[in-house]
K.L.:
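I have a structure I would like to understand better, so I am pasting it below and will then ask my questions one at a time.
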Amino acid sequence: MTESVSYLLDTHTFLWSFLDSSQLSVAVRDILETNASPVYVSTISFWEVAIKEQLGKFTLNGINSMLLPNIARNYDFQVLNPDAYDFITYKELPLQKKHKDPFDRMLIQLAIRKNFVMLSRDHHFKAYESSGLQLLW
């Protein structure tokens, strides 16, 4: 019996899935289109979007951010609410000199704890593969 693979979307991957899928790699598009394995979007990504939208770091091209949970469900992404142990084990993830983004680091720790494959184009994430991160782009 083979173990099923589950995927966790980085925030930009989630946003590109419905805003501009041409930004996704062929491998990621195939995963999202086949719907053969569970794909998760974390509530951490919703929090990141809300903060960055408020700071004016980006816009959603006219899409109301309040619709993001519904968009996730419409794309058959499962919304993942981290539990207390997901948050408290954040401290176990080694700090990388050039990467201190708390949203990214929390998503990375979540993927490691849940044994999910992270779908991300962020080149900083490779530094965490030695800590157990499974990365695909």
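Positions are given from 1, in the same order as the sequence printed here. In this text the structure is predicted, and so the values were computed from the model without any measurement.
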K.L.:
Answer whether the closest heavy-atom distance between the side chains of Y128 and R105 falls below 4.5 Å.
P.N.:
yes
K.L.:
Looking at I108 and M118, what are the two nearest heavy atoms and their distance?
P.N.:
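The pair with the smallest heavy-atom distance is N-CE, 3.9 Å.
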K.L.:
Could you report the tightest heavy-atom contact between E129 and L135, atom names first, then the distance?
P.N.:
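What the structure gives for the nearest pair is OE2-CB, 3.5 Å.
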K.L.:
Taking the side chain as C-beta and beyond, is there a heavy-atom pair between S6 and S37 under 4.5 Å?
P.N.:
no
K.L.:
Please name the pair of heavy atoms, one in T89 and one in R113, separated by the smallest distance, quoted to 0.1 Å.
P.N.:
OG1-CD, 2.8 Å
K.L.:
Does the side-chain contact (heavy atoms from CB on, under 4.5 Å) test come out yes or no for L60 and L67, once each step is laid out?
P.N.:
CA-CA 11 Å; L60 296 173; L67 298 175; over 6 Å; no
K.L.:
Under a 4.0 Å N-O cut-off, is there an ion pair linking D10 with R121?
P.N.:
no
K.L.:
Please report the closest heavy-atom contact between P82 and F87, naming both atoms and the distance.
P.N.:
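So the minimum-distance heavy-atom pair works out to CB-CE1, 3.6 Å.
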K.L.:
Residues two or more places apart in sequence or in another chain: which of them pass side chain to side chain donor-acceptor pair (under 3.5 Å) with S17?
P.N.:
none
K.L.:
With sequence neighbours left out, which residue pairs that include part of residues 44-73 fulfil the salt bridge (Lys or Arg N to Asp or Glu O under 4.0 Å) condition?
P.N.:
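Salt bridge (Lys or Arg N to Asp or Glu O under 4.0 Å) check on residues 44-73 returns E48-K52, K52-D101.
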K.L.:
Closest approach of L9 and S45, non-hydrogen atoms and distance?
P.N.:
O-OG, 4.1 Å
K.L.:
In the hydrophobic clustering that connects Ile, Leu, Val, Met, Phe, Trp and Tyr at side-chain heavy-atom distances below 4.5 Å, which members other than Y85 occupy its cluster, ordered by chain and number?
P.N.:
I88
K.L.:
Hey, mind stepping through F116 and Y40 against ring-ring contact (aromatic ring centres under 6.0 Å, His included) and telling me if it holds?
P.N.:
CA-CA 9 Å; F116 291 167; Y40 293 86; 4.6 Å; yes
K.L.:
Can you tell me how far the CG atom of D104 sits from the OG atom of S120, to the nearest 0.5 Å?
P.N.:
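Those atoms lie 7.0 Å apart.
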K.L.:
Considering non-hydrogen atoms only, spot the tightest contact between S42 and L107 and give its length.
P.N.:
CB-CD2, 3.7 Å
K.L.:
Nearest 0.5 Å, what's the CG-CG distance between L68 and N70?
P.N.:
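Interatomic distance, L68 CG to N70 CG, rounded to 0.5 Å: 9.0 Å.
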K.L.:
Please list, one pair per line, the donor and acceptor atoms closer than 3.5 Å that link side chains of residues 19-27 to other protein atoms, with sequence neighbours excluded.
P.N.:
residue	atom	partner	partner atom	Å
D20	OD1	S22	N	3.4
D20	OD1	S22	OG	2.5
D20	OD2	Q23	NE2	3.4
S25	OG	V28	N	3.1
S25	OG	W137	O	2.4

K.L.:
Kindly indicate, with the supporting measurements, whether the criterion side-chain contact (heavy atoms from CB on, under 4.5 Å) is fulfilled by V5 and Q134.
P.N.:
CA-CA 11 Å; V5 175; Q134 301 170 75; over 6 Å; no
K.L.:
Evaluate the criterion side-chain contact (heavy atoms from CB on, under 4.5 Å) for residue pair F18 and L15; output intermediate values, then yes/no.
P.N.:
CA-CA 6 Å; F18 63 91; L15 295 175; 3.9 Å; yes
K.L.:
Does the side chain of V41 come within less than 4.5 Å of F46's, by heavy atoms?
P.N.:
yes
K.L.:
State which residues pass side chain to side chain donor-acceptor pair (under 3.5 Å) with D76; sequence neighbours excluded, sorted by chain then number.
P.N.:
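Counting only residues at least two positions away or on another chain, D76 forms a side chain to side chain donor-acceptor pair (under 3.5 Å) with N35.
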K.L.:
Can you tell me how far OG1 of T11 sits from CH2 of W16, rounded to the nearest 0.5 angstrom?
P.N.:
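One gets 11.5 Å once the value is rounded to the nearest 0.5 Å.
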K.L.:
If you round to the nearest 0.5 Å, how far is CD1 of I31 from OH of Y7?
P.N.:
4.0 Å
K.L.:
What's the spacing between D86 CG and K114 NZ if we round to 0.5 Å?
P.N.:
4.0 Å
K.L.:
Go through the steps for V117 and L8 under the test side-chain contact (heavy atoms from CB on, under 4.5 Å), then give the verdict.
P.N.:
CA-CA 6 Å; V117 175; L8 179 62; over 6 Å; no
K.L.:
Only pairs at least two apart or in different chains count here, so list each ring-ring contact (aromatic ring centres under 6.0 Å, His included) that has a residue in residues 47-74.
P.N.:
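Sorted result for residues 47-74: W47-F103.
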K.L.:
Out of curiosity, L93 CG to L110 CG, how far, rounded to the nearest 0.5 Å?
P.N.:
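Reported to 0.5 Å precision, the distance equals 11.5 Å.
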